[in-house]
Amino acid sequence: MLGVAIRSAITATMTSPRPTTYWDYIHVEDLLSLQGGLPGETAPPSNDEVLFITVHQIYELWFQLILRELQSARDLFGKDTVQEQELSGAVSSLRRISTIFSVASDHFKVVETLPTREYLEFRKKLMPASGGQSAQMRQIEVLFGLDERDRVLLGEKDWHMNILREPDGSEGKAYKRVTEQMAAGPSLRETIEQWLLRTPIDGVAHDDPDAEAALERFITRYLVAHRSEVEENMEYAKSIMAGGVAHEDLESRYQWEAQSAEEFLRPDEAAGGARLARIRAAMIFIETYRELPLLAWPREVLNELIKLEQRFLIYRQRHARMVERVIGSRTGTGGSEGVKYLDETALRYRIFRDLWAVRTLMIRPGATPELERPEFYGFRGDS
Ligand code: HEM
């Protein structure tokens, strides 16, 4: 009996898997062996240099997670039909990404403990390596939906791609990562636009024969309400501003608000025509009637998108301020104008431009135009 028990205990030990350890699961030893600096160097890197390498590695890991979440959200909105209950998953992904950007921006504080002169001690050997060679950052931009026409140009047209080539000019892993990302389907911005295009306006589905007319009715009603709000605000501003800004200046600013709302909701064919008008109207519609059950989650999506983009921009600006503090305005190791280039990217790299523009068009709840068929936005239906 005892022999049988011992034999089965031995067999169990031999066949049961090795209990998981923290170090195996996290690959701690592998991770800790990656901060040794360039291969072939005899002197070990200084603490400053190890900090520099480590922080970059941490960022690359964050970028990897961001890419995963962006992809999940993109795949969801890329479906022909997005169920209401799936939107909470998308919101969680977007929220995770903004949290990561926010935390990652904070890591620049750690880089700022690197004094300028100590950085200069090892900076030359990095050249011409540069953060501009972070393929994952380029993938994030592509997957997010940065319009290639918005890229800040640096001399040669495809600087941002050519800098990813191997030193002999060949297309290595970094270059391929980005080209494969470009070929791997639509961006999050494109899929969000497709989803918005399908938003029923005033309870009329996008493929209903009355869709165009319903859209036009909504746009007209909204623009009338908006213009009356702008005029009321203008009169109020004129009545309380005794001095300072001239009344003509005030008038032209408020008139611009009303005029730009018209142009925004009625773009001409060259700017995007009816398709763009529907996408923009959907954004305004969702924001305006967000308390209706069926619009609550779509509005969360829009809110998370703008929050995410804001944090991405803050990340770029934070990087630029850190760079200015550490190296001033000198030329970047990658050959750019350094902080000037980085500030330009923070200014120009907007993805959801229309979502930002919608902010200028929103009107207070008390002045919101009446909704046709509010009962449509009850607790049923697909988006
Ligand atoms: C002392 C620290 C750092 C300095 C002085 C610095 C400086 C620069 C400069 C000057 C550029 C412009 C391209 C060039 O000419 O090289 C750049 C780009 C970049 N850096 Fe940094 N950087 C630092 C740390 C970091 C860290 C910790 C990250 C985190 C990943 C990072 C990520 C990037 C990225 C992604 C770009 C490309 C930006 C773009 O092209 O849009 N940098 N950096």
Side-chain angles (χ1 to χ4, degrees), residues 34-35 37 45-67 97 100-165 174-175 177-178 181 309 311-351:
L34 298 173
Q35 293 75 34
S46 65
N47 284 2
D48 288 320
E49 190 171 355
V50 172
L51 166 99
F52 188 80
I53 296 167
T54 308
V55 175
H56 279 86
Q57 289 176 343
I58 292 168
Y59 272 94
E60 289 296 332
L61 292 174
W62 284 136
F63 293 164
Q64 189 179 37
L65 283 180
I66 288 174
L67 277 167
I97 302 171
I100 294 175
F101 268 126
S102 189
V103 168
S105 299
D106 245 22
H107 293 344
F108 288 124
K109 278 187 199 151
V110 185
V111 187
E112 283 167 344
T113 66
L114 176 60
T116 306
R117 294 171 70 241
E118 275 68 9
Y119 174 46
L120 295 178
E121 199 71 69
F122 63 88
R123 185 174 187 251
K124 213 176 218 162
K125 77 171 172 191
L126 310 177
M127 287 168 79
S130 158
Q133 291 177 316
S134 169
Q136 289 204 103
M137 174 47 78
R138 297 282 171 254
Q139 282 181 274
I140 291 173
E141 292 168 349
V142 170
L143 189 50
F144 207 12
L146 178 69
D147 189 330
E148 288 300 319
R149 289 168 298 186
D150 285 340
R151 285 227 178 261
V152 178
L153 301 178
L154 287 170
E156 53 178 311
K157 191 174 145 282
D158 291 325
W159 175 84
H160 70 287
M161 287 305 295
N162 287 332
I163 196 175
L164 296 174
R165 288 177 186 276
Y175 191 94
R177 262 181 175 278
V178 182
Q181 186 69 62
E309 176 147 33
R311 297 210 179 160
F312 196 179
L313 289 173
I314 291 172
Y315 157 86
R316 286 192 196 277
Q317 287 158 350
R318 187 66 187 84
H319 172 253
R321 296 287 72 74
M322 176 278 291
V323 170
E324 190 173 5
R325 182 165 162 189
V326 179
I327 62 163
S329 298
R330 71 186 76 206
T331 310
T333 50
S336 79
E337 283 180 283
V339 77
K340 187 164 174 262
Y341 161 73
L342 295 169
D343 275 334
E344 237 178 299
T345 64
L347 206 64
R348 277 188 38 183
Y349 288 4
R350 291 286 178 107
I351 288 147

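Residues take their numbers from the sequence shown, with the count starting at 1. Since this is a predicted model, take the numbers as computed values, not measurements. Whatever order the structure lists ligands and atoms in, that order sets their numbers, starting from 1.
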>> Can you report which non-hydrogen protein atom sits closest to atom 38 (C) of ligand 1, along with the distance?
In response: Leu342 CD2, 4.0 Å
>> Could you check whether any side-chain N or O of Gln57 sits under 3.5 Å from a backbone N or O of Leu34, counting only pairs where one atom can act as donor and the other as acceptor?
In response: yes
> Do NZ/NE/NH1/NH2 and the carboxylate oxygens of Arg177 and Glu60 come within less than 4.0 Å?
Replying inline: no
> Do Tyr349 and ligand 1 have an N or O pair less than 3.5 Å apart?
Replying inline: no
> Which atoms of ligand 1 have any heavy atom of Gly338 under 4.0 Å away?
Replying inline: 10 (C)
> Gly132 heavy atoms, cut-off 4.0 Å: which ligand 1 atoms fall inside?
Replying inline: 18 (C), 19 (C), 36 (C), 37 (C)
> Got an N/O contact under 3.5 Å between Val111 and ligand 1?
Replying inline: no
>> Closer than 4.0 Å to some heavy atom of Gly334 - which atoms of ligand 1 meet that?
In response: 14 (C), 15 (O), 16 (O)
> Rounded to the nearest 0.5 Å, how far apart are CG of Leu114 and CZ of Arg325?
Replying inline: 10.5 Å
> In terms of atom number and element, which parts of ligand 1 are under 4.0 angstrom from non-hydrogen atoms of Met137?
Replying inline: 35 (C)
> Is there side-chain contact between Arg151 and Met161, with heavy atoms separated by less than 4.5 Å?
Replying inline: no
> At a 4.0 Å threshold, what atoms of ligand 1 neighbour a non-hydrogen atom of Phe52?
Replying inline: 1 (C), 2 (C)
> Among protein heavy atoms, which sits nearest to atom 3 (C) of ligand 1, and what does the distance come to when rounded to 0.1 Å?
Replying inline: Met322 CE, 3.8 Å
> Which value, rounded to the nearest 0.5 Å, describes the distance between Gln139 atom CD and Gln64 atom CD?
Replying inline: 9.5 Å
>> Would Tyr341 count as a polar contact of ligand 1, with the cut-off being nitrogen or oxygen pairs under 3.5 Å?
In response: yes
> Which residue supplies the protein heavy atom nearest to atom 26 (C) of ligand 1, what is that atom called, and how far is it?
Replying inline: His56 NE2, 3.2 Å
> atom 6 (C) of ligand 1: which protein heavy atom is closest, and how many Å away?
Replying inline: Val323 CG2, 3.5 Å
>> Test your reading of the model: is there a side-chain donor-acceptor pair from Tyr349 to the backbone of Asp150, 3.5 Å cut-off?
In response: no
> Looking only at atom types and distance, does a side-chain atom of Gln181 sit under 3.5 Å from a main-chain N or O of Leu143, one as donor and one as acceptor?
Replying inline: no
>> If the contact criterion is a heavy-atom separation under 4.0 Å, does Arg316 count as touching ligand 1?
In response: yes
>> I'd like to check which ligand 1 atoms, numbered from 1 as shown, lie under 4.0 Å from a non-hydrogen atom of Gly335.
In response: 15 (O)
> If you take all heavy atoms of Ala346 and Leu313, which pair is closest and at what distance?
Replying inline: O-CD2, 3.4 Å
> Which of parallel (below 30°), tilted (30 to 60°) and perpendicular (above 60°) describes Tyr315 and Phe63?
Replying inline: perpendicular
> Does the Thr116 side chain pair with the main chain of Val326, one donor and one acceptor, at a distance under 3.5 Å?
Replying inline: yes
> Among Gly131, Ser130, Ser329, which one has a heavy atom closest to atom 36 (C) of ligand 1?
Replying inline: Gly131
>> Taking the basic N atoms (NZ, or NE/NH1/NH2) and the acidic carboxylate oxygens, is any pair closer than 4.0 Å for Glu112 and Arg318?
In response: yes
> Is there a heavy atom in Arg138 that sits closer than 4.0 Å to ligand 1?
Replying inline: yes
> If you count the atoms of ligand 1 from 1 in the order shown, which ones are under 4.0 Å from a heavy atom of Tyr119?
Replying inline: 5 (C)
> Among His107, His319, Glu324, Glu337, whose heavy atom sits nearest atom 42 (N) of ligand 1?
Replying inline: His319
> Counting heavy atoms not belonging to Glu337, are there more than 12 under 6.0 Å from its CD?
Replying inline: no
> Which pair of heavy atoms, one from Ala135 and one from Val178, lies closest together, and at what distance?
Replying inline: O-CG2, 3.6 Å
>> One residue to check: His160. Relative to ligand 1, which of side chain, backbone, both or neither has a non-hydrogen atom less than 4.0 Å away?
In response: neither
> Any N/O of Ser336 closer than 3.5 Å to an N/O of ligand 1?
Replying inline: yes
> Among all protein non-hydrogen atoms, which one is nearest to atom 30 (C) of ligand 1, and what is the separation to 0.1 Å?
Replying inline: Tyr59 CB, 3.3 Å
